[in-house]
Amino acid sequence: MPLDTTQSDPRPGRLTAHEARQRLEHARNSRLAQLRALDETGQSTDDHLMSAQAEAIRRVLTEIDEAFARVDDGSYGTCQGCAKPVPAERLEILPYTRHCVACQRRAAV
């Protein structure tokens, strides 16, 4: 799903830059809240599980920042593997994704 940068009346199946930024902001705020919650547990940072969770959240925050850059350069919503549009449903679930499902599966193998 390529990004419609016109900001007005996007074609069906396309996000405006504003909508993409809103989804990414929501994802960022959710991850930041998760990090705060982990910090507030008061458990030691030596706890392997807590440390792994915090690191995973930080990785997603980095992916979100990279997605904001793709919004800015106009490549948001285009699969970095096959250059086809990422389906709207996938971007709804993972607004920071870089790949369509097929390319993500190939990358995970």
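Summarising the geometry, atom OG1 belonging to Thr97 is positioned 13.5 Å from atom CD belonging to Glu92; distances are rounded to the nearest 0.5 Å. Note: Ile93 CD1 to Arg23 CZ = 10.5 Å, rounded to the nearest 0.5 Å. Here the OH-OG1 distance, from Tyr96 to Thr62, works out to 11.5 Å after rounding to the nearest 0.5 Å. Taking CZ of Arg98 as the start and SG of Cys103 as the end, the distance is 11.5 Å to the nearest 0.5 Å. The CD atom of Gln53 lies 9.0 Å from the OG1 atom of Thr41; values are rounded to the nearest 0.5 Å. The distance from the CG atom of Leu94 to the CD1 atom of Ile64 is 10.0 Å, given to the nearest 0.5 Å.
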Could you walk me through whether Glu25 and Asn29 satisfy the side-chain contact (heavy atoms from CB on, under 4.5 Å) test, starting with their C-alpha distance in whole Å, then the side-chain angles of each, then the deciding distance to 0.1 Å, before giving a yes or no? CA-CA 6 Å; Glu25 280 293 337; Asn29 291 337; 4.2 Å; yes
Could you walk me through whether Phe68 and Arg21 pass the side-chain contact (heavy atoms from CB on, under 4.5 Å) test, one step at a time? CA-CA 7 Å; Phe68 274 112; Arg21 284 187 183 96; 4.0 Å; yes
Would Lys84 and Thr78 satisfy side-chain contact (heavy atoms from CB on, under 4.5 Å), going step by step from the backbone distance to the final call? CA-CA 6 Å; Lys84 293 180 182 175; Thr78 301; over 6 Å; no
Take Leu24 and Val71 through the test side-chain contact (heavy atoms from CB on, under 4.5 Å) and record every step on the way to the result. CA-CA 10 Å; Leu24 291 167; Val71 170; 3.8 Å; yes
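Pro85 is not listed as a side-chain neighbour of Cys79, based on a closest heavy-atom distance of 4.5 Å or more. Arg28 is listed as a side-chain neighbour of Leu32, based on a closest heavy-atom distance under 4.5 Å. Using a 4.5 Å cut-off on side-chain heavy atoms (C-beta onward), Tyr76 and Val86 make no contact. Inter-residue side-chain proximity for Gln34 and Arg31 is flagged as met; some heavy-atom pair is nearer than 4.5 Å. Residues Arg105 and His99 have side chains not in contact (no heavy-atom distance under 4.5 Å, counting atoms from C-beta outward).
Salt bridge Asp65/Arg70: absent, no basic N to carboxylate O contact under 4.0 Å.
Remark: the backbone N or O of Asp47 is not paired with any side-chain donor or acceptor of Ser51 at under 3.5 angstrom.
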